[in-house]
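What follows is a short report on a single structure.
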Protein chains: 2
Amino acid sequence: MGLPGQPTLEMVATEAGVSRSTVSRVVNDSPQVTPEAVAAVTAAIDKLGYVPNRAARILASRRTFSIALVIPENTAKFFADPYFATVIQGVAMHLSSTEYTLSLLIAPELDAEKTRRYLQAGNVDGAIILSHHSDDRSYLLLAHSIPVVFGGRPVSPEGTVASYVDVDNVEAARAITEHLLAHGRRKVATIAGPLNMSAGIDRLLGWREAVSDAGLDTSLVEHGDFTPASGAAAMRRLLDRGVPIDGVFAASAQMASGALTVLREAGLNVPGDLGLVTFDDDYFAASAVPPLTTVAQPSVEVGMRMASVLLRIIDGEQVPAITMLPTTIVERTSA
Amino acid sequence: MGLPGQPTLEMVATEAGVSRSTVSRVVNDSPQVTPEAVAAVTAAIDKLGYVPNRAARILASRRTFSIALVIPENTAKFFADPYFATVIQGVAMHLSSTEYTLSLLIAPELDAEKTRRYLQAGNVDGAIILSHHSDDRSYLLLAHSIPVVFGGRPVSPEGTVASYVDVDNVEAARAITEHLLAHGRRKVATIAGPLNMSAGIDRLLGWREAVSDAGLDTSLVEHGDFTPASGAAAMRRLLDRGVPIDGVFAASAQMASGALTVLREAGLNVPGDLGLVTFDDDYFAASAVPPLTTVAQPSVEVGMRMASVLLRIIDGEQVPAITMLPTTIVERTSA
DNA sequence: TTGTACGCGTTATCAA
DNA sequence: TTGATAACGCGTACAA
């Protein structure tokens with residue numbers, strides 16, 4: 001009667017001459033099924049080309065086999081930042097060897113509440129919050145109801161319980177600043193990130209350590225929000241101070257690229273008059289004129305590790321809360 | 001009794017003093033509900049923080065509100081190619097303003113069959129096949145059962161019925177080759193892509209048109225598979241021919257970067273001894289030494305358009321099967 | 001306009 | 001080891 005349509009578990013059962021329960025057991029490879037039954041069922045499955053219906057399975061089992069990757073930014077920033085693309089790639093890559101599906105959520109601050117509800121409504125087994133460029137307090141509570149892994153240490157008022165994957169921003173910032181100092185720069189400024197993100201805080205800290213250890217002036221600080229425009233504005237404010245500057249550490253390559261245009265307009269040569277180093281080895285750093293010496297962070301690896309940690313948490317394993325990944329310095333010609 | 005757990009439609013109904021059907025209608029904003037009922041229901045929803053259960057909804061409605069992005073490559077290539085990351089970003093961006101969820105499938109040739117079954121089993125409403133770097137015949141049949149959009153013109157034996165989004169590879173390749181000719185190059189070779197992908201075919205065609213129109217030798221062709229290693233090998237074969245070459249068009253920036261290392265080893269200077277141009281304005285092109293003059297294709301836009309076209313097809317709209325996006329030439333110093 | 005009742009395809013519980 | 005049978009949470013004819 002009627003068209004067969006997509007084969008269902010029921011049809012497999014009939015074909016194999018067993019009950020639906022048995023088919024279900026075979027599909028979920030339960031150990032307690034006789035070899036004969038297994039053989040009959042797998043044969044039927046192959047013959048019919050049966051694939052379990054995901055929705056039905058989720059509904060009945062209360063497991064979704066999917067995780068969310070939340071990017072708390074508006075689409076414009078998401079669009080502009082190559083970092084996100086590479087991290088996604090890492091997450092997807094790890095997931096590809098598992099049963100899990102990825103659900104990408106670009107969630108501006110505005111509907112953070114809505115997003116949180118969606119996540120709490122049992123639509124995913126866990127979530128990765130990529131807070132690299134954003135405040136994330138609203139997501140901290142989430143960790144109480146479902147497994148969560150943060151990308152970048154979340155800034156929390158109290159002690160954090162959430163897991164996260166990050167690089168040592170303080171150390172990396174210090175190292176790249178010392179690179180500047182090693183090239184003889186003595187009036188070293190920084191275009192820092194926002195202070196409500198750990199990357200902003202830590203990179204400023206690293207810069208300050210390096211400069212202060214060298215006995216130099218630590219007051220040459222202006223802030224941006226990691227975007228090119230904000231980097232340009234900060235650079236302008238720095239120049240407007242009227243004090244001599246011969247080195248700048250910009251906390252993101254995007255800000256550095258903005259700063260570069262301002263320097264060019266001001267008739268300043270890089271690296272002739274001034275050394276410029278930055279953070280992120282992306283398109284902005286590589287294609288700048290001149291190409292920028294920078295801190296490279298393993299963003300694909302960050303994605304992979306976040307996924308791996310999250311899945312292990314979901315599986316009930318005991319995983320260290322903090323995963324630190326190494327950075328390297330890529331020397332180009334801007335220092 | 002017991003804990004409330006996640007609020008269900010049923011609980012909302014009780015809270016609002018109506019039936020589940022009415023709640024369902026409000027949630028799916030059906031027009032035929034009295035304002036009072038709507039008010040009562042929305043109030044209850046807000047109070048309870050209700051979010052529909054995705055799986056249940058999918059199961060009952062036979063719509064998944066999710067689409068698949070299939071990348072028919074092994075994880076290594078997926079990892080290495082920046083193109084994928086940007087396209088994904090585009091797809092995700094478009095989807096973020098819709099109800100749809102993205103499901104990323106990295107599917108090596110090996111389990112293409114399995115992937116196709118999954119897609120046909122009704123687990124998604126449609127699929128995007130990113131065939132940029134791969135053969136895709138196995139997915140052409142898919143278009144008969146669910147809405148499908150290809151990234152890059154699929155190579156099909158018969159006339160294609162599937163929709164696709166692409167750039168004019170022939171024209172772009174011709175233009176960049178002419179750029180080489182305009183700089184006085186006269187012995188212009190090409191490192192072409194594989195002939196089982198439209199990008200490979202078309203870019204070779206464009207190169208040949210330009211070279212032949214200039215009355216020059218069109219025999220300087222070697223093939224690669226778009227990877228750096230294959231580009232290096234092809235360049236080596238080109239040099240081994242022993243005939244003079246003063247220009248090369250590599251069909252991908254990755255191959256160009258491989259070729260560059262071979263040229264360096266051979267003691268050949270770019271652009272001094274030989275001009276090198278390529279395709280894709282990615283990290284490889286920008287950070288090469290020297291930076292490469294190249295064809296830039298709008299990969300984020302490609303992603304956005306594929307998503308938009310697919311959703312419109314799903315909604316039953318009539319959409320032009322072919323979407324062509326413009327390319328531009330980015331001049332650097334390698335020509 | 002609203003409610004009743006059934007079905008979506010699977011897993012889980014319990015008996016046999 | 002297997003098989004009935006009851007959920008899982010929602011959409012939707014159909015009836016009221």
Side-chain angles (χ1 to χ4, degrees), chain A residues 2-41 44-45 48-66 99 117-118 120-125, chain B residues 2-41 44-45 48-66 99 117-118 120-125:
Chain A
L3 290 162
Q6 281 309 311
T8 68
L9 190 148
E10 167 111 49
M11 297 167 60
V12 174
T14 326
E15 174 75 27
V18 297
S19 74
R20 294 183 323 193
S21 315
T22 301
V23 177
S24 176
R25 292 194 184 96
V26 172
V27 169
N28 298 293
D29 41 44
S30 147
Q32 29 201 17
V33 186
T34 57
E36 299 83 57
V38 174
V41 171
I45 287 178
L48 270 45
Y50 167 75
V51 178
N53 180 301
R54 205 145 195 289
R57 178 178 254 183
I58 292 171
L59 189 56
S61 70
R62 334 284 274 104
R63 280 199 69 173
T64 70
F65 281 104
S66 98
E99 291 271 315
R117 282 220 201 124
Y118 175 82
Q120 284 179 149
N123 290 312
V124 294
D125 291 341
Chain B
L3 290 163
Q6 281 307 313
T8 68
L9 192 148
E10 166 111 49
M11 297 168 59
V12 175
T14 327
E15 174 76 27
V18 298
S19 76
R20 295 188 330 200
S21 320
T22 301
V23 177
S24 176
R25 292 196 184 95
V26 172
V27 169
N28 299 293
D29 40 43
S30 148
Q32 30 200 16
V33 186
T34 57
E36 298 82 58
V38 174
V41 171
I45 287 179
L48 269 45
Y50 168 75
V51 178
N53 180 301
R54 205 148 196 288
R57 176 178 254 183
I58 291 172
L59 191 56
S61 70
R62 332 290 270 102
R63 279 199 70 174
T64 70
F65 281 103
S66 97
E99 290 272 314
R117 282 222 199 121
Y118 174 82
Q120 284 181 150
N123 290 312
V124 295
D125 291 341

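Only a predicted model underlies this, so the values are computations on that prediction, with no experimental measurement involved. Below, chains carry the letters A, B, ... as their sequence lines are ordered, and counting in each starts from 1.
- With sequence neighbours excluded, the residues forming a side-chain contact (heavy atoms from CB on, under 4.5 Å) with Ala44(A) are Val12(A), Glu15(A), Ala16(A), listed by chain and number.
- The footprint of chain B on DNA chain D, defined by a heavy-atom cutoff below 4.0 Å, extends from dG9(D) to dA13(D).
- Taking OG of Ser24(B) as the reference point, atom CD of Glu10(B) lies at 12.5 Å (rounded to 0.5 Å).
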Step-by-step side chain to side chain contact (heavy atoms under 4.5 Å, CB included) determination, Val41(A) to Val27(A): CA-CA 9 Å; Val41(A) 171; Val27(A) 169; 5.6 Å; no

Quiz: residues 51-62 of chain B side-chain donor-acceptor pairs under 3.5 angstrom, not counting sequence neighbours:
unit_1   : atom_1 : unit_2   : atom_2 : d
Asn53(B) : OD1    : Ala55(B) : N      : 2.9
Asn53(B) : OD1    : Ala56(B) : N      : 3.0
Arg54(B) : NH2    : Thr64(B) : O      : 3.4
Arg54(B) : NH2    : Phe65(B) : O      : 2.7
Arg57(B) : NH2    : Asn28(B) : OD1    : 3.3
Ser61(B) : OG     : Arg57(B) : O      : 2.8
Ser61(B) : OG     : Arg63(B) : N      : 3.2

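- For the pair Leu9(B) and Tyr50(B), the tightest heavy-atom approach, listed with the atom from each and the gap, is N-CE1, 3.4 Å.
- By the salt bridge (charged side-chain N to carboxylate O under 4.0 Å, His left out) test, Arg25(B) is found to be paired with no residue, residues two or more places apart in sequence or in another chain being considered.
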Under 3.5 Å, side-chain donor or acceptor atoms of residues 29-38 of chain A against the rest of the protein: list the pairs with distances, not counting sequence neighbours.
unit_1   : atom_1 : unit_2   : atom_2 : d
Ser30(A) : OG     : Gln32(A) : N      : 3.4
Thr34(A) : OG1    : Ala37(A) : N      : 3.4

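- Distance, Leu48(A) CG to dG9(C) P: 14 Å, rounded to whole Å.
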Side chain to side chain contact (heavy atoms under 4.5 Å, CB included) assessment of Ser66(B) paired with Asp125(B): CA-CA 6 Å; Ser66(B) 97; Asp125(B) 291 341; over 6 Å; no

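- Contact annotation for Thr8(A): backbone-only contact, meaning every heavy-atom pair under 4.0 Å involves sugar-phosphate atoms and none involves a base.
- One atom, CD of Gln6(A), and another, C1' of dT10(C), lie 15 Å apart when rounded to the nearest Å.
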Between the protein and nucleotides 2-5 of chain C, which nitrogen or oxygen pairs are less than 3.5 angstrom apart?
unit_1 : atom_1 : unit_2   : atom_2 : d
dT2(C) : OP1    : Thr34(B) : OG1    : 2.6
dT2(C) : OP2    : Thr34(B) : N      : 3.1
dG3(C) : OP2    : Ser19(B) : N      : 3.0
dG3(C) : OP2    : Ser19(B) : OG     : 3.1
dG3(C) : OP2    : Thr22(B) : OG1    : 2.7
dG3(C) : N7     : Arg25(B) : NH1    : 3.4
dG3(C) : N7     : Arg25(B) : NH2    : 3.3
dG3(C) : O6     : Arg25(B) : NH2    : 2.6
dT4(C) : O4     : Ser21(B) : OG     : 2.8

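- Pairing each heavy atom of Gly49(B) with each of Pro7(B), the nearest pair is O-CG, 3.8 Å.
- No side-chain heavy atom of Arg20(B) sits less than 4.5 Å from a side-chain heavy atom of Val23(B).
- Residue Asn53(A) contributes atom CG, which lies 6 Å from atom P of dT10(C) at whole-angstrom precision.
- Near DNA chain D, meaning a heavy atom under 4.0 Å from it, residues 56-64 of chain B has Ala56(B), Arg57(B), Ala60(B), Ser61(B) in order of number.
- Rounded to 10 degrees, the angle separating the terminal helix axes of the helix from dT1(C)-dA16(D) to dA16(C)-dT1(D), each built from five base pairs, is 30°.
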